[in-house]
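Notes follow the structure.
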Amino acid sequence: MTTFNPNDIPSRFDFAEAQNRIFQMWESGGYFEGDPESEKPPYTVVIPPPNVTGALHLGHALNNTLQDTLIRMKRMQGFNALWMPGTDHAGIATQAVVERRLKEDEGKTRHDLGREALVDRIWKWKEQYEARILGQLKQIGSSCDWKRTRFTLDDVCARAVRHTFFDLFQKSLIYRGKRLVNWDTFLQTTVSDDEVFSKTVKGQFWHFKYPVIDPQPGEPEFVIVATTRPETMLGDTAVAVHPEPDRALDRVASELREKLKKSSDSEKASVEGQLEALAARRTDMLPKLEQLRDMAADGRKLMLPLMDREIPLVCDVWAKPELGAGCVKITPAHDPNDYEVAKRCDLPMINIMNRDGTLNVETGVYSGLTMKQARKKVVEDLDAIQLLKTVEDREIELPQSDRSKTPIEPYLADQWFVAMSELSQSAIDAVVEGQVSITPKRYERGYLDWLGEKRDWPVSRQLWWGHQIPVWTRACDSEAEVQPLIEAIQALPGFDKTVAAIQLEPCEETDADKRAKLELPFASVHVCVQSGCEEFENALEGMGLIREEDVLDTWFSSALWPHSTLGWPEQTPELACFYPTSTLITSRDIISLWVARMVLMGLNNCGEVPFEKVYIHPKIQDGFGETMSKSKGNGIDPLDVIAKFGADALRFGMAHLCTETQDVRLPVQFECPHCQHTFDQTKKNRILPKVSCPSCKKEFSTQWAESEEDRSLDKGAVISERFETARNFVNKLWNASRFAMLNLEGYEASPISEDDLTVEDRWMLSRLTTVSGNVTAYLEDFKYADATRELYEFAWHQFCSFYVEMLKDRFADEAKRSHAQRMLAYSLDCLLKLLHPVMPFITEEIWQNLAHICPERGWAKVETANRCIIDAAWPELNPAWRDEAIENQFSLYQSALSDLREIRNSQNIGNKKKVKFSIKCAADIGELLQPLGIYFSRMANAELVELGPEAVAPETSATRTTAEMEIYVDLDGLIDIEAEVKRLEKEKANLEKSISSKQRQLSNEKFVAAKPDLANEIRTSLSQAENQLATIADSLQKMTAKL
RNA sequence: GGGCGUUUAGCUCAGUUGGCUAGAGCAUCUCGUUUACACCGAGAGGGUCGGGGGUUCGAGUCCCUCAACGCCCA
């Protein structure tokens, strides 16, 4: 071990070297570990598990910085802190990545591999990427208890999932039903709504004629319907007309008139045109629409062409009388709106599609065709029998799968649902009654509204990667089969209510003939099996029950995260100690998907809310106000920021941006790998595979580089200059500490008596007390920006710029040296601790360096410093040290100092030239300033020659005034009269403005009557300002005379 | 379409319950290497607080309205 020598400390913090070393020291020292046996009060945070596939982005950096800052403060405050880490298996996202890779590298689909082999591959992928993402979190400095790292698909979580599913199944809160899903025919899976994007494409709008069966005299022989998807007509089960076409047209017209009032001139013509068209329509079409409505009411039926199926004419508001023919064909199994109509009108739903997107047996001769082929044939066939009326070109919105980039087909499928009514209510109550608080409070509303809808939660996903649903099913063709089957199951060895639960799902189709035709069973028997009962599962399979292939929605396992990670359903010591957790920190887009579901699952499984507080942090956008994403090319990799600025700067920058109301805008720059020049990213250059540096003109590659040539170029980092401030602050702190250590030679710890404290010592103690109190309160309230602003201001502009500067004089004085050293060590100690939660690495490094010279610290009481800052005690200073009088005294000094410096600047007097000055002020003010008078010399190279009521202005002087003082700088032989006159004139104008505004206020009788105290304050400051004005006017006159 | 939020200096943001001449960082300009730090120090310039209306003795702050932008849910 080398001996520590402060002279060896470099002038810059080598964060790249220190970060890994320090992190390993913490981790191997067990500092991150929560102890379930501890006597200390617990404080728990569970990480929002990042997707295993994803690389870390700045949103993660922000999210984890905030969690780490909080958990580090709590750890220092003496809590038994546990930050629970882990990753999410992220169902479709992960499977899609691996499948795409399989396709690209080997030209295979998942079906070529089979379920087991594919899942095996995904696990391997997961191992690789999980290590990467956890490594990234560690680089940020996250003090998670890494030994406890969980994965939503590992054994512990799987047991919790299975246990929960079984419990809900048994309570009949899980059931199977039909639902229209977004079907990706390429991946052959459902896709959630947020994985569907809409694309505008050129398409056609076909108008068909459906014959009316037995039209009454005067009634039309055909009904016209229009569609952009002709092939879906094979699954039509009705045609709808509006029940009140007259009123519907009126409403549209009145909406248009409203719009006309508001619209600009350019829009007016188009709206007026629409109104006219509507009026014409009312004349032409309304009688026909009303007739159709009456026909529907009368039970008229239509003949569905090509299929020769009778379908009803129904009334429903989904039909839009203002559009097309005013009638709409209803295909319940393949259109979300039609699905709703079918539910309202009790229509049959005919599924016409196979899982691969081809048409099924329901479509007769069209069976086996793709949608595209079927479209062509349907149109041709209709045309052949003269039922195709017209075709028009039109732009249509086509839903696409975000994963496979292929069109989405709406599809009716068997799905498992969680019944939400009771569960939602419990989660609503938890927030309404205050067991869970959400910060900022405005997010409560979205949470409550979403839960209030109590929509059942579809939890099946047609994937292979995930928790396979633990239900075994057998279809029974007749009623007679059901009871014997159930009895046989109950008679199986080991059957027990704790092992298996049975549900009977009768077929929706009650007509036996139809069931036979559609090959539907009479009923399905579902058996849910608890975990760890493989023999029973085998027995079920022996009886012909087949396990459900679908897996659960990822959010199902995420919903259990706060308790599953602690070992539930086992009653582990961890669960007893750390549940409910304390705080959850996450982003707003998953409040309903994740936060709400955790609350209701926590209540269901544990009987207690999963966390007491939820903090929703801002989202990060680029300089254009767009969300950052890899697909836009504007995503900043936190590791690039760490490489350039250091982890502490990244963290401080993040926390500094984290304000209450605003999302965070972070202008994005490229950094040239050749010359390190940084320049703004634009919407143009951020999508290029290579960019040339405007400074050195050399080219570098970006994330888009694909060609061999582009990829051979060095890659440019995507960063943000916004972290410079934080990096500079890190450097400032580093150098202030370096200075301290260079001056602490011969340090001896011993208590300082209160009587020996100087004014500046008392000021520092007062400031430390105030700042530590504020920072603590801010962090407890999630006011990260306020906390970091306070620390920045204090550390830089008070501790460094004043206290350390003043200590320099005291170090030079042998008699004062030892005392000054002790005060410096003490205040630096406090400052480091306050900064540690936000800037853990540099504070740990300085802390341990400091320990080499000052192992014992403190002013009133001396104690041996903790070995590591990470678990040093959080500063809790005696509130009695807050001293407003001292802080005011200090600000007098500061304002005098800044006036002196301003005079130096405006008079262009070099720093090396010593000046003399006087301060004229009341006697009591003079007494306050006296002890600080010596510091004018160091900080402004100015000598205070006279102080007090008797002070007079020298013959040639520059004058400044404050409310309490007049400052005269003797400028004999130095003065730039013109500059001084200019300055005085400006000052005079300012004062006059201020005075007249005060006078105006005071002459306002209502104001003086309403706020007498405030009026008095203004009177005082008015008289001060008038005095200042008199002084300035006097000086101005003298100076002008010399011109 | 419904809900939430934002609009303050060239840029990114603060601005408590309405109250004295609206603040910070970066950028710009001027000066400066005095025993920590040029990733530094001192100073300066720069804002009719998105538009309009209202309440009030007094509005960046409260209310109404319009506009633009962002997010969430349909």
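Proteins come first, then strands; the chains are lettered A, B, ... in the order of their sequence lines, and each starts at number 1.
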request  = Enter the distance from A/S1021:OG to A/Q1028:CD here, rounded to the nearest 0.5 Å.
outcome  = 9.5 Å
inquiry  = If I take atom CE in residue A/M654 and atom C1' in nucleotide B/C13, what distance separates them, rounded to the nearest angstrom?
reply    = 15 Å
message = Suppose you measure atom C1' in B/U61 against the same atom in B/U17; what distance do you get, rounded to whole Å?
response = 11 Å
query = In whole angstrom, what separates A/L1002's CG from B/G19's P?
reply = 17 Å
task = Among the candidates B/U21, B/G19, B/G25, find the nucleotide nearest to the side-chain atoms of A/Q1001.
result = B/G19
task = Take atom C1' in B/U48 and the same atom in B/U21, then report the distance between them in whole Å.
result = 15 Å
inquiry  = When the C1' atoms of B/A14 and B/A9 are compared, how many Å lie between them, rounded to an integer?
reply    = 13 Å
task = Tell me which of A/W450 and A/K998 sits closer to the 5' end of RNA chain B, going by the nucleotide each one is nearest to.
result = A/K998
query = Quick check: does any side chain N or O of A/W734 sit under 3.5 Å from a backbone N or O of A/P10, one acting as donor and the other as acceptor?
reply = yes
task = Rounded to the nearest angstrom, tell me the gap between atom CG in A/L448 and atom P in B/C72.
result = 19 Å
query = Is there a donor-acceptor pair under 3.5 Å between the side chain of A/R817 and the backbone N or O of A/F811?
reply = yes
request  = Please check if the side chain of A/Y784 supplies one atom and the backbone of A/L66 the other of a donor-acceptor pair under 3.5 Å.
outcome  = yes
request  = Check whether any side-chain N or O of A/D553 sits under 3.5 Å from a backbone N or O of A/W555 as a donor-acceptor pair, and report yes or no.
outcome  = yes
key: A/L666 CG - B/G70 P separation (whole Å)   = 18 Å
query = Which letter, B, S or -, goes with each nucleotide of nucleotides 29-44 of chain B from 5' to 3', with contact meaning a protein heavy atom under 4.0 Å?
reply = ---S-B-BB-BSSBSS
ask   = When the C1' atoms of B/U12 and B/G54 are considered, how many whole Å apart are they?
value = 33 Å
note = 5'-most contact on RNA chain B (nearest-nucleotide basis), A/E721 vs A/R445, goes to A/R445
inquiry  = Please give the distance between the P atoms of B/C31 and B/G18 as a whole number of Å.
reply    = 47 Å
ask   = Between B/U8 and B/C69, how far is it from one P atom to the other, in whole Å?
value = 15 Å
Whole-Å distance separating the CD1 atom of A/I719 from the P atom of B/U12 = 17 Å
request  = Can you tell me the distance, in whole Å, between the CD atom of A/E790 and the P atom of B/U16?
outcome  = 16 Å
inquiry  = To the nearest 0.5 Å, what is the distance between CG on A/N905 and CG on A/N911?
reply    = 8.0 Å
message = For the aromatic rings, using the six-membered ring if either is Trp, is the centroid distance between A/F645 and A/F15 under 6.0 Å?
response = no
request  = Quick one: the dot-bracket string of RNA chain B, using Watson-Crick and G-U wobble pairs with both distances under 3.5 Å, [ ] for crossing pairs and | for bases paired to another strand.
outcome  = (((((((..((((.....[...)))).(((((.......))))).....(((((..]....)))))))))))).
Gap in Å between the two C1' atoms, one belonging to B/G60 and one to B/U6, rounded = 14 Å
request  = Answer yes or no: is there an ion pair linking A/K982 with A/E985, defined by an N-O contact shorter than 4.0 Å?
outcome  = no
key: Whole-Å distance separating the OH atom of A/Y778 from the C1' atom of B/G15   = 12 Å
ask   = Contact class for A/I1018 (heavy atom, under 4.0 Å): base, sugar-phosphate, or nothing?
value = nothing
inquiry  = By the 4.0 Å heavy-atom rule, please label A/R1000 as base, sugar-phosphate, or nothing.
reply    = nothing
remark   = Tightest non-hydrogen contact, residues A/L744 and A/L850, listed as CD1-CD1, 3.8 Å
note = Closest to the side chain of A/R722, out of B/U12, B/G25, B/C13, is B/U12
key: Candidates B/C20, B/G25, B/C11 - which lies nearest the side chain of A/S1021   = B/C20
task = Please state the C1' separation for the pair B/C63 and B/A59 - nearest whole angstrom.
result = 11 Å
request  = Grab the CZ-C1' distance between A/F723 and B/U12 for me, whole Å please.
outcome  = 12 Å
Donor-acceptor contact present, side-chain A/R983 to main-chain A/A958, <3.5 Å = no
query = With the threshold set at 4.0 Å, does a side-chain nitrogen-carboxylate oxygen contact exist between A/E992 and A/K988?
reply = yes
